Amino acid sequence: MRTPTLAARHIAVEGPIGVGKTSLVELIASRFEGVKILEDVQNPFLEPFYRGKAGAAFQVQIFFLLSRQRQHFEIAQLDLFQTLVVADYTM
């Protein structure tokens with residue numbers, strides 16, 4: 001059976017925590033033979049943030065930004081005109 005194709009080369013799924021972004025990304029990537037890029041949930045600053053520690057929000061966001069930047073450098077090596085990239089976040 002032939003794999004269906006999409007005109008899009010990059011799909012980003014955005015939304016609040018726990019609504020199924022990652023599950024949707026996994027389904028799309030599997031269906032269209034794409035590369036999935038998932039947010040790094042091992043952020044060491046999340047626990048202090050949820051406890052209300054002063055300054056933790058900034059640290060959480062900087063960690064996410066740098067993690068996403070690293071992932072984008074890694075996928076820059078892919079042929080983005082031939083490979084579908086599906087992410088569970090937007091930059």
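In this text, all values refer to a predicted model and were calculated from it rather than measured experimentally.
Among residues two or more places apart in sequence or in another chain, the side-chain contact (heavy atoms from CB on, under 4.5 Å) test is passed with Glu74 by Arg70. In this structure, the side-chain contact (heavy atoms from CB on, under 4.5 Å) partners of Ile62, at least two apart in sequence or on a different chain, are Phe58, Leu66.
Linking ILVMFWY residues whenever their side-chain heavy atoms come closer than 4.5 Å, directly or via other members, leaves Ile17 and Ile37 in distinct clusters.
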Can you give each donor-acceptor pair under 3.5 Å made by side-chain atoms of residues 84-91, sequence neighbours left out, with the distance rounded to 0.1 Å?
from, atom 1, to, atom 2, distance (Å)
Asp88, OD1, Glu39, N, 2.7
Asp88, OD2, Thr22, OG1, 2.6
Tyr89, OH, Gln71, OE1, 2.6
Thr90, OG1, Glu14, OE1, 2.7

Considering only distance and modelled atom types, tabulate donor-acceptor pairs under 3.5 Å from the side chains of residues 46-53, sequence neighbours left out.
none

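With side-chain heavy atoms closer than 4.5 Å counting as contact, directly or through intermediates, Phe73 stands alone and belongs to no larger hydrophobic cluster. Hydrophobic cluster of Val41: no remaining members, since no ILVMFWY side chain lies below 4.5 Å from it.
Counting heavy atoms from C-beta on, the side chains of Leu38 and Glu26 come closer than 4.5 Å.
Remark: Ile11 CD1 to Lys36 NZ distance equals 14.5 Å, nearest 0.5 Å.
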Checklist line | Verdict with reasoning, Asp40 to Phe64, per side chain to side chain contact (heavy atoms under 4.5 Å, CB included) | finding: CA-CA 7 Å; Asp40 185 356; Phe64 281 137; 5.5 Å; no
